[in-house]
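Below is one structure, written out as structure tokens, with a few remarks after it.
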Amino acid sequence: VRTIDWTGEHIVIIEQTLLPHQFTHITLTNTAETIDAIQRLAVRGAPAIGVTGALGVAMLALDAKKSGRQIDSILEDAERIADARPTAVNLRWAVDRVLRELPNGHDAVVAEAVAMMHEDIATNESMTSRAADVLLELCGKPILALHTHCNTGDLATVEGGTALGAAFQLHKRGALSEVIADETRPLLQGARLTAFELAERGIPYRVSADGAGPTCIARGLVDAVVIGADRIAANGDTANKIGSYPLALAAKRAGIPFVVVAPESTLDPSTPSGDDIHIELRADSEVTMLAGIAVAPIGSKAVNFAFDVTPNDLVTAIVTEHRVIYPAKTPKIEPWK
Ligand code: MRU
């Protein structure tokens, strides 16, 4: 079942805020619904919000065609979609890519967005199978235990995943013993979504409290850490879900690989370093409440950074659909040609 689909007119997504207890789809029929779904994380994960944004622009193009408006009239709403969340560069990248079709007319914009949806699946297949090879090589063992954070599986993409997709590939090869999935507070993408995907596939897993991640690594429970990314700066600094950085520190200290699996569309050569990455700050209530129940004194303020930056010297390898980048040997990541 795909995370995102296109009816020819509208976008259908899995409603991720209700997982793992309810598996339902919702249909997005306009820009307001698309932005809302992205902002409240009904659809989330860098590649998934990119494709949703592109299809949101396709809906705008179809509306403009039906009401006889010039294609340029969609620009303002397209910008609003691109700005719905700031950290994952895939959203801006995807909207800009479909907007490049504006001179070719309404249908070309729609066709490009739909092509991107299909492309995502092929991209993930090639990236995750390369990442599985890289993990086996870096760890030098035939069967691996992996630590991961947030959700980077099917649900973070159209289908196939990024970092968790590499674990799926290893499982298919009989080369995976276990995945330890951080719960990923505050919104629990690890406990709710990653555990759900692993359970569905029959992959052995355990959920760990976020604070326990570094201890799992220090105690030798895993052979490598594998995570996704929301934006990778030109120097290899990598933004990912808050809580990724402590895992990278622990992996370095334990001497195990810390591998980032992300499509080329997550590389942002125009951002020089992690210091320049805009980190999304989300509502205090996500931290002070849990499933609607206050877990801090009423009126408590929170600091709710949605992402952190792992400095390049802690990243062993970045695996994309086209290449493996070793930040230690790559002072400046160039765009793939
Ligand atoms: O806030 P989210 O759930 O959109 O955050 C998602 C992540 O941080 C993922 O790890 C990242 O987008 C890589 S997804 C393949």
Side-chain angles (χ1 to χ4, degrees), residues 1 3 14 16-23 41 44-48 124-125 127-129 131-136 138-139 141-157 159-229 240-244 246-248 250-251 254 256-262 290-291 316 319:
V1 181
T3 302
I14 295 173
Q16 298 193 31
T17 63
L18 302 179
L19 284 170
H21 303 302
Q22 271 186 57
F23 186 85
L41 311 199
R44 31 70 45 209
N124 299 336
E125 176 61 29
M127 170 175 46
T128 56
S129 109
D133 294 342
V134 168
L135 283 162
L136 287 167
L138 287 171
C139 297
K141 290 170 75 171
I143 298 182
L144 307 182
L146 299 174
H147 200 109
T148 194
H149 192 65
C150 196
N151 172 266
T152 59
D154 288 314
L155 291 165
T157 60
E159 194 182 294
T162 61
L164 195 62
F168 298 159
Q169 296 275 1
L170 289 168
H171 175 66
K172 276 196 261 172
R173 298 181 196 180
L176 182 67
S177 57
E178 182 183 38
V179 175
I180 296 188
D182 280 350
E183 60 173 349
T184 318
R185 268 288 277 156
L187 296 179
L188 300 173
Q189 290 93 328
R192 293 188 304 105
L193 309 178
T194 298
F196 172 77
E197 291 196 43
L198 290 165
E200 288 283 302
R201 283 182 162 77
I203 298 177
Y205 72 91
R206 283 182 279 178
V207 178
S208 70
D210 290 344
T215 293
C216 294
I217 293 166
R219 295 200 160 207
L221 270 58
V222 293
D223 300 298
V225 177
V226 61
I227 62 158
N240 191 55
K241 178 55 55 190
I242 193 76
S244 301
L247 297 179
I256 65 169
F258 182 88
V259 175
V260 174
V261 185
L290 191 54
T316 313
V319 184

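Throughout, residue positions are numbered sequentially from 1 according to the sequence presented. Side chains are part of it too, since the values below use all heavy atoms of this structure and drop only hydrogens, waters and symmetry mates.
- Judged purely by distance below 3.5 Å, without hydrogens or angles, the side chains of Arg192 and Asn151 never pair a donor atom with an acceptor atom.
- Between Val319 and Leu135 the shortest side-chain heavy-atom distance does not fall below 4.5 Å.
- Residues Ala167 and Val179 come closest through the heavy atom pair CB-CG2, 4.2 Å.
- Looking at heavy atoms from C-beta onward, Val260 lies out of side-chain contact with Asn240 at the 4.5 angstrom threshold.
- Residues in residues 164-177 take part in these salt bridge (Lys or Arg N to Asp or Glu O under 4.0 Å) pairs, two or more places apart or across chains: Asp133-Arg173.
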side-chain contact (heavy atoms from CB on, under 4.5 Å), that's the test. Do Leu221 and Arg206 meet it? Break it down for me. CA-CA 11 Å; Leu221 270 58; Arg206 283 182 279 178; 4.3 Å; yes

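- One distance of note links CG of Leu188 with OG1 of Thr17; it measures 12.5 Å at 0.5 Å rounding.
- With values rounded to the nearest 0.5 angstrom, Asn124 atom CG is found 10.0 Å from Gln169 atom CD.
- When atom types are taken as modelled, the side chain of His149 and the backbone of Ile242 share a donor-acceptor pair closer than 3.5 angstrom.
- Nearest heavy-atom pair across Pro20 and Phe196 is CB-CD1, 3.9 Å.
- Annotation: side chain of Glu197 is not in contact with side chain of Ile203 (no heavy-atom distance under 4.5 Å).
- Not a single donor-acceptor pair under 3.5 Å links the side chain of Thr157 to the backbone N or O of Ala48.
- Taking 4.5 Å as the limit, some side-chain heavy atom of Gln189 sits within range of a side-chain heavy atom of Leu41.
- Residue Thr148 comes nearest to Ile227 through the heavy atom pair OG1-CA, 4.4 Å, listed as atom of the first residue, atom of the second, then distance.
- At least one side-chain heavy atom of Leu198 sits less than 4.5 Å from a side-chain heavy atom of Phe168.
- The backbone N or O of Leu193 sits nowhere less than 3.5 Å from a side-chain atom of Gln16 that would complete a donor-acceptor pair.
- The backbone N or O of Gly161 lies less than 3.5 Å from no partner atom in the side chain of Thr152, so there is not a single donor-acceptor pair.
- Closest approach of Tyr205 to Ala195, counting heavy atoms only: CE1-CB, 3.5 Å.
- Between atom CG of residue Leu247 and atom NE2 of residue His147 there is a gap of 5.0 Å, rounded to the nearest 0.5 Å.
- For Asp223, the salt bridge (Lys or Arg N to Asp or Glu O under 4.0 Å) partners are Lys141, not counting sequence neighbours.
- Among residues two or more places apart in sequence or in another chain, the side-chain contact (heavy atoms from CB on, under 4.5 Å) test is passed with Pro246 by Pro214, Asp308.
- Judged purely by atom type and a 3.5 angstrom limit, Thr194 uses its side chain to pair as donor or acceptor with the backbone of Cys150.
- Of all non-hydrogen atoms in Ala209 and Asp182, the two that sit nearest each other are O-OD1, 4.3 Å.
- Scanning all heavy atoms of the two residues, the minimum distance from Leu138 to Pro257 falls at CB-CG, 3.8 Å.
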Go through the steps for Asp154 and Ile14 under the test side-chain contact (heavy atoms from CB on, under 4.5 Å), then give the verdict. CA-CA 11 Å; Asp154 288 314; Ile14 295 173; over 6 Å; no

Please walk me through it: do Leu146 and Leu170 pass side-chain contact (heavy atoms from CB on, under 4.5 Å)? CA-CA 10 Å; Leu146 299 174; Leu170 289 168; 3.8 Å; yes

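- Within the 3.5 Å criterion, the main-chain N or O of Glu159 finds no donor-acceptor partner in the side chain of Thr3.
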